[in-house]
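For reference, the structure discussed in these notes is given below.
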There are 2 protein chains.
Amino acid sequence: MSYEQLKLDNQLCFPVYAASRLITSEYQPYLNELGITYPQYLVLMVLWEKGDSYVNDIARKLILNTNTITPLLKRMEHQGIIERKRSAKDERKVVVSLTAYGRSMEKKAAKIPELLANKLLSDKLDLHDIVSLKNKLEVLIEMLKK
Amino acid sequence: MSYEQLKLDNQLCFPVYAASRLITSEYQPYLNELGITYPQYLVLMVLWEKGDSYVNDIARKLILNTNTITPLLKRMEHQGIIERKRSAKDERKVVVSLTAYGRSMEKKAAKIPELLANKLLSDKLDLHDIVSLKNKLEVLIEMLKK
DNA sequence: CTAATTTATATCGTGCACGATATTTTATTT
DNA sequence: AAATAAAATATCGTGCACGATATAAATTAG
């Protein structure tokens with residue numbers, strides 16, 4: 001492999017890093033209306049889909065550690081979006097559940113995926129490309145997560 | 001577009017976000033040997049390739065704002081990796097240059113891209129996939145950056 | 001049944017990332 | 001030439017992200 005590889009443009013890693021930040025910033029206007037951040041939106045998607053969840057399960061789904069998730073959940077609790085309480089069965093676990101307010105956010109958020117898709121699709125990048133991107137990244141993720 | 005779209009798995013954004021963090025963590029062991037972080041490594045790649053650069057040019061290449069880059073550069077200056085000084089021609093600009101130590105890091109870093117490539121390649125994801133990923137992400141980035 | 005280990009969450013410290021805003025210098029208008 | 005605008009960098013505040021470590025409950029081993 002050549003020395004040229006050191007160049008920024010030749011690498012996969014920088015595009016993924018840059019794309020991640022840019023896509024997140026595309027979400028911001030919509031998430032601002034809901035008063036949440038992108039990682040908080042991810043937590044909500046888990047809860048909307050799965051209902052009450054343990055901290056650990058949320059963390060595993062988002063591939064984040066509890067030292068990231070715990071303070072994030074506390075902020076969401078403080079905002080009245082979720083509740084946290086120790087499981088009765090296993091006192092080590094904490095059950096995260098939606099408040100009525102947190103549940104009510106789902107309808108407002110329902111339009112976001114479509115709005116985002118419209119922003120990401122173009123004459124240079126069609127649905128097929130997006131799906132192919134998603135699939136390859138998922139293979140990569142499965143390889144890399146422990 | 002269906003309500004199902006709300007599901008985490010159906011979206012491109014989460015895979016990009018997760019892959020970015022996972023890939024960055026793959027760099028960590030090698031970057032630890034150099035005593036730098038991934039964003040600092042990106043700055044070094046710009047300087048190794050282009051030589052003395054204005055803060056603004058580095059920021060544009062990495063698609064970062066100066067409120068991220070400035071403190072990052074200060075930390076690198078503190079570590080003796082780079083120097084920062086106001087341009088004589090235009091007192092608004094700051095020229096960033098490598099120290100002898102910063103230049104010396106290039107040889108140690110030269111092996112990193114190959115090591116990373118070996119980690120990312122597999123039977124499920126070959127060089128062709130990686131190149132295709134990179135190209136599509138770059139199209140996406142060009143669309144999204146301003 | 002007690003000790004050691006594992007599991008689940010939390011705390012602490014550091015470094016991004018970025019919106020909002022400030023400061024200084026250069027360029028442009030009037 | 002003075003006023004205004006634009007450009008370049010910096011400061012401040014908040015929220016991740018994560019390594020290292022701590023704490024407490026549950027499980028397993030001896």
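The analysis underlying the following values was restricted to heavy atoms, covering all of them including side chains, and did not include hydrogens, waters or symmetry mates. The chains referred to below are lettered A, B, ... by the order of the sequence lines, with proteins before strands, and numbering in each begins at 1. Please read these numbers as outputs of a predicted model, since none were measured by experiment.
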With B:K111 via side chain to side chain contact (heavy atoms under 4.5 Å, CB included) - residues at least two apart
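Counting only residues at least two positions away or on another chain, B:K111 forms a side chain to side chain contact (heavy atoms under 4.5 Å, CB included) with B:E33, B:L115.
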[X] near the nucleic acid: base, sugar-phosphate alone, or nothing, with a heavy-atom cut-off under 4.0 Å?
X     : value
B:N67 : base
A:Q40 : sugar-phosphate
A:T66 : base
B:I69 : nothing

State yes or no: do A:L133 and A:L144 share one hydrophobic cluster built from I, L, V, M, F, W and Y residues joined by side-chain heavy-atom distances below 4.5 Å, directly or via other members?
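Yes, A:L133 and A:L144 fall within the same hydrophobic cluster.
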Tell me, do A:I81 and A:V43 make a side-chain contact under 4.5 Å, heavy atoms counted?
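No, every pair of side-chain atoms sits at 4.5 Å or beyond.
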Is A:E26 salt-bridged to A:K119, cutoff N-O under 4.0 Å?
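Yes, this pair counts.
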So how far off straight is the helix from C:dC1-D:dG30 to C:dT30-D:dA1, going by the axes through five pairs at either end, to 10°?
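The value is 10°.
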On DNA chain C, check which nucleotide each of A:Y54 and A:Q28 is closest to and give me the residue with the more 5' one.
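Result: A:Y54.
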DNA chain D: 5'-most and 3'-most nucleotides touching chain B, 4.0 angstrom heavy-atom criterion
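Contacts span D:dA7 to D:dC18, reading 5' to 3'.
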Tabulate below the donor-acceptor pairs under 3.5 Å that side-chain atoms of residues 62-74 of chain B make, not counting sequence neighbours, or state none.
unit_1, atom_1, unit_2, atom_2, d
B:T70, OG1, B:T66, O, 3.0

Checking [X] now: which residues fulfil side chain to side chain donor-acceptor pair (under 3.5 Å) with it, not counting sequence neighbours?
X      : result
A:K50  : none
B:R103 : none
B:E83  : none

To the nearest 0.5 angstrom, please state how far the OG1 atom of B:T99 sits from the CE atom of B:M76.
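Nearest 0.5 Å value for the OG1-CE distance: 9.0 Å.
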Strictly by ring pair (Phe, Tyr, Trp, His ring centres under 6.0 Å), give each pair with a member in residues 17-37 of chain A just once, sequence neighbours left out.
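Residue pairs with at least one partner in residues 17-37 of chain A: A:Y17-B:Y38, A:Y27-A:Y38, A:Y27-A:Y41.
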Those residues that, when tested against A:R84, pass salt bridge (Lys or Arg N to Asp or Glu O under 4.0 Å) (two or more places apart)
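Here the qualifying residues are A:E77.
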Nearest heavy-atom pair of A:M143 and B:S122: which atoms, and what distance?
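Heavy atoms only, the tightest pair is SD-OG, 3.2 Å.
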Can you pull out the residues from residues 71-84 of chain B that lie within a 4.0 Å heavy-atom distance of DNA chain C?
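By residue number: B:L72, B:R75.
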Which pairs, with at least one residue in residues 120-133 of chain A and sequence neighbours excluded, count as a salt bridge (charged side-chain N to carboxylate O under 4.0 Å, His left out)?
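Output for this query lists A:D129-B:K136.
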Can you list, by residue number, the residues of residues 86-93 of chain B that have a non-hydrogen atom closer than 4.0 angstrom to DNA chain D?
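Heavy-atom cutoff 4.0 Å gives B:R86, B:R92, B:K93.
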